[in-house]
Number of protein chains: 2
Amino acid sequence: MESDIATPVKGRPREFCVDKALAEALHVFWAKGYDGASMADLTEAMGITKPSLYAAFGNKEALFHKALDLYESEKLEYTRAALQQPTARRVAEYYLRGGVDVHASEGEPQGCMGLMSSLACSPEAESIKADVIRRRASSQRALVERFEKAKQDGDLPAHIDAEGLTSFLYAILQGITVQAGAGATRAELEKLVDTSLALWPSA
Amino acid sequence: MESDIATPVKGRPREFCVDKALAEALHVFWAKGYDGASMADLTEAMGITKPSLYAAFGNKEALFHKALDLYESEKLEYTRAALQQPTARRVAEYYLRGGVDVHASEGEPQGCMGLMSSLACSPEAESIKADVIRRRASSQRALVERFEKAKQDGDLPAHIDAEGLTSFLYAILQGITVQAGAGATRAELEKLVDTSLALWPSA
DNA sequence: CGCTTTCCATAACGAGCGGTATATAATGTA
DNA sequence: TACATTATATACCGCTCGTTATGGAAAGCG
């Protein structure tokens with residue numbers, strides 16, 4: 001198979017940047033959710049017409065999955081960086097403060113794109129929901145392993161259940177995004193993080 | 001103004017029970033969310049036609065608010081009972097175990113009706129969202145006062161911030177409903193509750 | 001009985017949805 | 001210049017949505 005990079009195309013060149021358009025689509029999906037974002041909303045924000053969107057991205061569902069890829073690789077980068085922190089407590093702190101940064105930052109939509117889309121319930125959004133749940137499960141599995149290692153490292157008490165602690169940390173994170181979506185201020189969310197970390201088990 | 005109870009009406013009597021129909025509507029809204037529940041879904045489950053629904057309940061939005069009233073008075077009764085528990089820890093335990101009971105019970109929809117409706121994002125659901133947020137804020141205020149009292153009673157350390165602890169408890173509860181909606185088993189949720197209670201501050 | 005009132009059933013409304021057919025404009029190739 | 005190829009622009013499709021107008025059925029009242 002030949003190289004796909006910088007292949008000169010034959011027909012009329014497209015007049016918009018695909019990456020820019022996808023970033024705009026992400027912003028719309030993030031703010032309004034999968035069902036709430038209409039094709040009219042998307043095309044207006046992306047600055048293109050519907051046929052261009054369909055030619056470039058397939059359909060609304062395919063566009064959403066690509067937007068979700070972008071969301072994970074850019075906005076949820078902190079969840080991967082968190083795993084490399086030296087202690088379980090530092091992992092948790094990185095997770096929670098990163099969650100507040102991303103989901104309660106000014107100029108960005110409030111709340112979590114994955115969370116609101118996983119709760120969307122139009123009949124055609126079932127595959128969306130399944131996708132989000134699958135990604136979340138994969139992310140949670142990595143966290144369980146990280147906490148198992150922390151127990152071996154001795155920075156978590158041996159009696160702690162790694163799966164329970166992972167569910168616990170995710171619950172706090174989900175609470176942060178829910179409360180952010182409900183209009184909680186950044187100060188309130190930081191107080192929530194401080195309280196959670198104060199209760200975190202010591203070695 | 002005269003009494004409204006048992007007034008004999010003049011016209012043709014309705015052929016369905018309003019309370020029964022409302023309970024069915026609640027079930028549909030709970031399972032599918034405000035946007036996801038169509039009038040066709042509702043009328044089919046309620047066993048009535050659309051004109052009957054409009055005559056009895058007004059419109060879809062009014063029906064939802066009445067269903068939400070029923071949900072709060074029946075399904076969220078445990079949140080009021082929780083406040084009367086003798087210690088802060090018992091309050092928290094009542095809250096969390098009650099949350100698992102209601103939102104992960106077999107035969108009922110998985111997840112929290114208020115949470116999924118507060119994240120619904122159709123343009124006409126803005127007042128729904130505002131209503132849910134207002135009810136939640138009122139409920140949270142009562143919990144803050146309960147924890148302030150607990151500090152005076154001495155069953156919470158004085159250095160604990162009551163608002164932060166309330167946000168924390170609500171975050172766990174929201175995490176429970178999110179994870180229940182994503183298909184978590186009851187055993188997993190109970191492990192989450194056990195972990196959370198193990199970290200709860202001691203006096 | 002006729003009259004009024006209220007409810008039920010059918011069918012339709014306008015609006016918005018995701019998706020597309022058609023025609024035209026802009027490029028590379030020959 | 002002529003052709004093939006691809007992108008854009010406009011208008012439209014079938015469908016579902018929440019909501020309502022219309023006609024008939026069932027009750028109390030005189």
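Just so we're on the same page: letters track the sequence lines, and every chain starts at 1.
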Looking at Ser202(A) and Pro157(A), what are the two nearest heavy atoms and their distance?
-> O-CG, 3.1 Å
Below 3.5 Å between N/O atoms, which protein atoms pair up with nucleotides 8-10 of chain D? Just atom names and distances, please.
from, atom 1, to, atom 2, distance (Å)
dT8(D), OP1, Glu15(A), N, 2.7
dT8(D), OP2, Ser52(A), OG, 3.0

Starting at CG of Leu53(A) and ending at P of dT6(D), how long is that distance when rounded to a whole Å?
-> 19 Å
For the pair made of CG in Leu42(B) and C1' in dC17(D), what is the distance, rounded to whole Å?
-> 12 Å
How many Å lie between NZ on Lys10(B) and P on dT4(C), as a whole number?
-> 10 Å
So what does Ala37(A) touch, heavy atoms closer than 4.0 Å: a base, only the sugar-phosphate, or nothing?
-> sugar-phosphate
Lys149(A)/Asp155(A) ion pair, N-O < 4.0 Å | no
Flag for Ser127(B)-Glu61(B): side-chain donor and acceptor within less than 3.5 Å = yes
Atom OH of Tyr34(A) and atom P of dC17(C) are separated, to the nearest Å, by 14 Å
For Met39(B) and dC13(C), what is the distance between atoms CE and C1' respectively, to the nearest whole Å?
-> 15 Å
Separation of dT20(C) P from Asn59(A) CG (nearest whole Å) | 8 Å
May I have the distance from Met46(B) (atom CE) to dA9(C) (atom P), rounded to whole angstrom?
-> 14 Å
Rounded to whole Å, CG of Asp35(A) lies from C1' of dG18(C) at a distance of 12 Å
Check whether any side-chain N or O of Lys60(A) sits under 4.0 Å from OP1 or OP2 of dG18(C), and answer yes or no.
-> yes
Residue Arg90(A) excluded, over 12 heavy atoms near CZ under 6.0 Å | no
Interatomic spacing from CG in Leu68(A) to OH in Tyr34(A) - rounded to 0.5 Å | 12.0 Å
Between Gly36(A) and Asp41(A), the two heavy atoms sitting closest are O-OD2, 3.6 Å
